[in-house]
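Here is the structure we will look at.
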Amino acid sequence: MNRQEVANKLSEILDDSNAGVLSTSDHNGTTHTRWMTPILLRGRKDVIFSITPRNSNKVEQIKQHPEVTWMIQTRSLNQIITIHGKTEVLDEPSLKTELLETVGDKLTVLWRINDDLNDFVVLETVIEKGLYYKPLEGLYFAFDFS
């Protein structure tokens, strides 16, 4: 799959689900997974953004080990995409504003568990490689952008 095909499939899957699973590793190499809201922004191909509280465990894990894995699927599980990439923790006001304008209304869990609604950071994952999978058809398409 080329970059445009991956971007189209990722967008299609996110339009259906609005959620994904992010996996990080801690200092012991233990994997941690959690549901997140992946965000795509126009004009920024090969990048997945998400928002998280500044004091979350995943922030420290990413700073120590920036390699992460995302798994994003349609609600019916007929399309699944697994993405590997490097993530950076960003605290840029203009980017935070842009992301909130894009998906702020879909972050209900974040707003419920975060005491300070302004104390969050952005996770920026640059897509390096992955696998697009259609399980009902037995089709796999690998991609590598690194």
Cluster check Leu40, Val6: I/L/V/M/F/W/Y, side chain < 4.5 angstrom
yes
Do Phe141 and Ile81 have side-chain heavy atoms sitting under 4.5 Å apart?
no
Please examine the side chains of Leu90 and Val121, heavy atoms only from C-beta on, and report whether any two atoms are closer than 4.5 Å.
no
Hey, does the side chain of Ser11 reach the backbone of Ala7 with a donor-acceptor pair shorter than 3.5 angstrom?
no
Determine the minimum heavy-atom distance between Pro38 and Gly20, stating which atoms define it.
CD-N, 3.5 Å
Test of understanding: with side chain to side chain donor-acceptor pair (under 3.5 Å), list the residues that count as partners of Thr24, not counting sequence neighbours.
Arg34, Gln61
Going only through I, L, V, M, F, W and Y residues with side-chain contacts under 4.5 Å, is there a path from Tyr133 to Trp70?
no
Side chains of Val122 and Ile39: closer than 4.5 Å at any heavy-atom pair?
no
Output for pair (Met71 CE, His84 NE2), nearest 0.5 Å, gives 11.5 Å
Rounded at 0.5 Å granularity, tell me how far CE in Met1 sits from CG in Leu131.
9.5 Å
For a 4.5 angstrom cut-off between non-hydrogen side-chain atoms, does Arg44 reach Phe49?
yes
Could you pull out all residues at least two apart from Arg75 that satisfy salt bridge (Lys or Arg N to Asp or Glu O under 4.0 Å)?
Asp16
Set of side chain to side chain donor-acceptor pair (under 3.5 Å) partners for Lys63, sequence neighbours left out
none
What I'd like to find out is whether the side chain of Asn55 reaches to under 4.5 Å of the side chain of Asp119, using heavy atoms alone.
no
Atom pair CG (Leu95) and CG (Leu100), whose distance is rounded to the nearest 0.5 Å
9.5 Å
What is the distance from atom CD1 of Ile83 to atom CD1 of Ile127, rounded to the nearest 0.5 Å?
4.0 Å
Any side-chain heavy-atom pair of Leu123 and Lys58 under 4.5 Å:
yes
Could you tell me which non-hydrogen atom of Ile80 sits nearest to which non-hydrogen atom of Pro135, and how far apart they are?
CD1-CG, 4.1 Å
Show the nearest heavy-atom pair for residues Thr82 and Phe143, with the distance to one decimal.
O-CZ, 4.0 Å
Return the CD1 to OG1 distance between Ile48 and Thr37, rounded to the nearest 0.5 Å.
12.5 Å
Go through the steps to decide whether Gln4 and Asn8 satisfy the test side chain to side chain donor-acceptor pair (under 3.5 Å), and finish with yes or no.
CA-CA 6 Å; Gln4 189 58 51; Asn8 292 345; 2.9 Å; yes
Would a single hydrophobic cluster contain both Ile62 and Val21, if residues Ile, Leu, Val, Met, Phe, Trp and Tyr are joined by side-chain heavy-atom contacts under 4.5 Å?
no
With a 4.5 Å heavy-atom cut-off, do Asn57 and His32 have their side chains touching?
no
Polar side-chain atom of Glu5 near backbone of Asn2 as donor-acceptor pair, under 3.5 Å
yes
Please report the shortest heavy-atom distance between Leu99 and Ile51, naming the atom on each side.
CB-CD1, 3.9 Å
Would you say that Gln79 contacts Glu12 through its side chain, given a criterion of any heavy-atom pair below 4.5 Å between the two side chains?
yes
Contact summary for Pro53 and Val59, nearest pair of heavy atoms:
O-CG2, 3.7 Å
Backbone N/O of Ile13 and side chain of Ser17: donor-acceptor pair under 3.5 Å:
yes
dist Lys9:NZ -> Thr74:OG1 (nearest 0.5 Å) comes out at 10.5 Å
